[in-house]
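Here the structure is laid out as structure tokens; the discussion comes afterwards.
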Amino acid sequence: MLKHSSNTWDGAVVYQIYPRSFEDSDGDGIGDLAGIESRLDHLVDLGVDAIWLSPIYPSPLADMGYDVADHCAVAPELGDLDGFDRLVASAHDRGLRLLLDFVPSHTSIEHRWFREHPEYYVWADEPPNNWVAAFGGPAWSRDERTGRYYLHSFYPEQPDLDWRVPEVRDAMGDVLRFWVDRGVDGFRVDALQQLMKDADLRDDPMATTPFVLPLGDEYGRLEHVHSEAGPEIRIALEAIREAAPDAFLVGEVYRPTRDLGPYLEHLDAAFAFELLHAPFEAGRLAEVITDGAAHGGQIAWALSNHDFPRLATRFGEGSAALAAELLMTLPGPVFLYQGDEIGMLDGGEAQPPFDRAGRDAHRHPMQCEPGPLGGFTTGEPWLDLTDPDLRSVSAQRGAEGSLLELYRVLIARRRELSGPVEADADGATLRLRRGQHTVSLGLPPATPG
Ligand code: NOJ
């Protein structure tokens, strides 16, 4: 099937919500769907077009929701399906579209399929190869009940589904249809590079050069030519597109931008992770933007998300405004992670950490108001607030020179931009051209090392 050719997402600004950390409506310290609904007007003021919700499904939280135990329900601490329907209706009433996170490559080990349909997963009597899990350790774990080994590309609590099995494709197609029928406009599709691996499960060779994107130490030692990104990805993508023909599909494919072609034959867009990881240097930024532009408007641009250091932490607080202008000049869709519009910084890690891979720091609650609880909750927040007295939506709203006001202006200006982007660097100045419009960003000089 041909890719969906909707251009209504071209130029769109999608705001990523990490549901546990956006707004708590019932005082249990955990953000929830009713909380999101209560803050939609902030997003309308900001001018965004759509929201993407990181996973909202029941989960034992080994990977903070990316270990899905039931794809067609809402985690009780976040709400229920009626609440979800209300959120969709409220978003649509305000002209906001809604994307869910679709996690096709694995389930939670507590998903009923793991016991009822073991044939949906990848099994071996002994670990058949040297594959490593993304967060470290072997990619094969022993199931105590059967004594056999199952494959997991991420945590051991996340067994991989086998997309070569037609029943897996059908079952996941049902999941997509379930949410489309409830009014969802599209999906951010998780970890697509993991859907198709080598059919013969051959060893990965040792890496001879570093991968273009950051990887965990152990994972980075191998070159993932067999454990990822198999050529038969088409089979999986066709099934996904067929189940959601009119939905906007944006892929998380953690691979070099130049390799996104086969994915983009079926998806509307895919993230260019080289931009998300680029240093704040004009030359490198121009290069990665040019590489993305080669995909003709199908790149989704983001400068941060729930997995990596926050924008203002990574580039420095003094560069947050320049980064905003950079992002909002790129052709759409662009993705803005909650809190970046007020310059939120990384927080600390919980003790013991919620995320064993060290990502608590990027997931601290949204700061809508000043005060110790940041307007996030009336209870005990699941992760501390970072610095609500220093930065919050209400303190920045209408305040001349605030980052929030700058984002509002840039998002509004974005409506006047059209066409592809051309990027080049002149010393420390990054120049972006969209048709008649040129933006010159004087970046701080690169710091050595
Ligand atoms: C990418 C998600 O963004 C990340 O949070 C998760 O740990 C992995 N995929 C596995 O689902």
Side-chain angles (χ1 to χ4, degrees), residues 14-22 52-71 75 99-111 114 121-122 131-137 139 141 150-161 163 172 175 187-197 211 213-216 218-219 224 227-229 236 240 249-255 263 267 269-273 276-277 300 302-310 335-338 340 346 349 353-364 383:
V14 184
Y15 185 92
Q16 181 191 354
I17 292 182
Y18 193 72
R20 303 179 76 75
S21 295
F22 194 61
W52 149 35
L53 307 182
S54 281
I56 58 167
Y57 319 107
S59 164
L61 303 179
D63 189 10
M64 297 311 293
Y66 285 90
D67 47 327
V68 178
D70 180 351
H71 295 91
L99 305 181
L100 282 182
D101 216 309
F102 176 56
V103 187
S105 89
H106 47 267
T107 67
S108 161
I109 199 160
E110 293 182 29
H111 196 295
F114 191 65
Y121 299 83
V122 186
W131 293 358
V132 166
F135 301 128
S141 284
Y150 62 90
L151 177 64
H152 54 88
S153 296
F154 296 95
Y155 289 124
E157 295 91 333
Q158 293 168 289
D160 281 15
L161 287 166
W163 275 76
M172 290 306 261
V175 169
F187 302 89
R188 174 267 190 189
V189 190
D190 187 69
L192 271 170
Q193 74 284 352
Q194 301 296 348
L195 252 56
M196 280 288 174
K197 292 113 180 160
F211 192 57
L213 303 170
L215 297 174
E218 209 183 330
Y219 198 71
H224 297 274
S227 55
E228 283 190 8
I240 291 173
L249 298 177
V250 52
E252 186 211 30
V253 185
Y254 199 71
R255 300 286 300 181
Y263 297 84
L267 303 171
F271 291 102
F273 279 96
L276 196 147
H277 290 298
L303 289 175
S304 69
N305 68 25
H306 61 292
D307 289 330
F308 301 107
R310 278 193 166 276
F335 282 65
L336 175 63
Y337 180 41
Q338 70 177 48
D340 280 352
D346 276 350
E349 257 191 48
F354 288 96
D355 178 53
R356 282 130 62 193
R359 294 168 296 176
D360 290 352
H362 329 311
R363 300 169 177 183
H364 284 255
L383 261 183

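Atoms within each ligand, like the ligands themselves, are counted from 1 in listed order. Start at 1 with the first residue, then count along the sequence.
- Atom 7 (O) of ligand 1 has its closest protein heavy atom at Asp63 OD2, 2.6 Å.
- By the criterion of a heavy-atom distance under 4.0 Å, the side chain of Arg188, and not its backbone, is placed next to ligand 1.
- Scanning all protein heavy atoms for the shortest distance to atom 11 (O) of ligand 1 gives Asp190 OD2, 2.7 Å.
- Near His106, meaning under 4.0 Å from any of its heavy atoms, are these atoms of ligand 1: 10 (C), 11 (O).
- With ligand atoms numbered from 1 in the order given, ligand 1 contributes 2 (C), 3 (O), 4 (C), 5 (O) to contacts under 4.0 Å with heavy atoms of His306.
- Contact detail for Gln16 and Tyr337: the closest heavy-atom pair is OE1-CD1, 3.4 Å.
- Those atoms of ligand 1 with a heavy atom of Glu252 less than 4.0 angstrom away are 1 (C), 3 (O), 9 (N).
- Between the side chain of Asp355 and the backbone N or O of Asp360 there is no donor-acceptor pair closer than 3.5 Å.
- Using a 4.0 Å heavy-atom cutoff, His362 is absent from the residues neighbouring ligand 1.
- Aromatic ring orientation, Tyr254 versus Phe211: tilted (interplanar angle from 30° to 60°).
- Residue contact check for ligand 1: Phe135 places a non-hydrogen atom closer than 4.0 Å to it.
- Counting atoms of ligand 1 from 1 in the listed order, those under 4.0 Å from a heavy atom of Phe154 are 8 (C), 10 (C).
- Ligand-side atoms of ligand 1 in range of Arg359: 4 (C), 5 (O), 6 (C), 7 (O), range being under 4.0 angstrom from any heavy atom.
- In this structure, Asn305 and Asp307 approach most closely via the heavy-atom pair OD1-N, 2.7 Å.
- Here the side chain of Asp346 pairs a donor or acceptor atom with the backbone of Arg310 at under 3.5 angstrom.
- Atom 5 (O) of ligand 1 has its closest protein heavy atom at Asp307 OD1, 2.7 Å.
- Below 30°, between 30° and 60°, or above 60°: for Phe335 and Phe271 the angle between ring planes is above 60°, a perpendicular geometry.
- Under the 4.0 angstrom criterion for non-hydrogen atoms, Met64 is not in contact with ligand 1.
- The shortest non-hydrogen separation linking Tyr57 to Asp101 is OH-O, 2.5 Å.
- Just one residue in the list Tyr121, Phe154, Tyr150, Tyr66 forms a ring pair (Phe, Tyr, Trp, His ring centres under 6.0 Å) with His106, and that residue is Phe154.
- Side-chain atoms of Ser141 and His152 include a donor-acceptor pair closer than 3.5 Å.
- Heavy-atom separations between Arg363 and ligand 1 include at least one value shorter than 4.0 Å.
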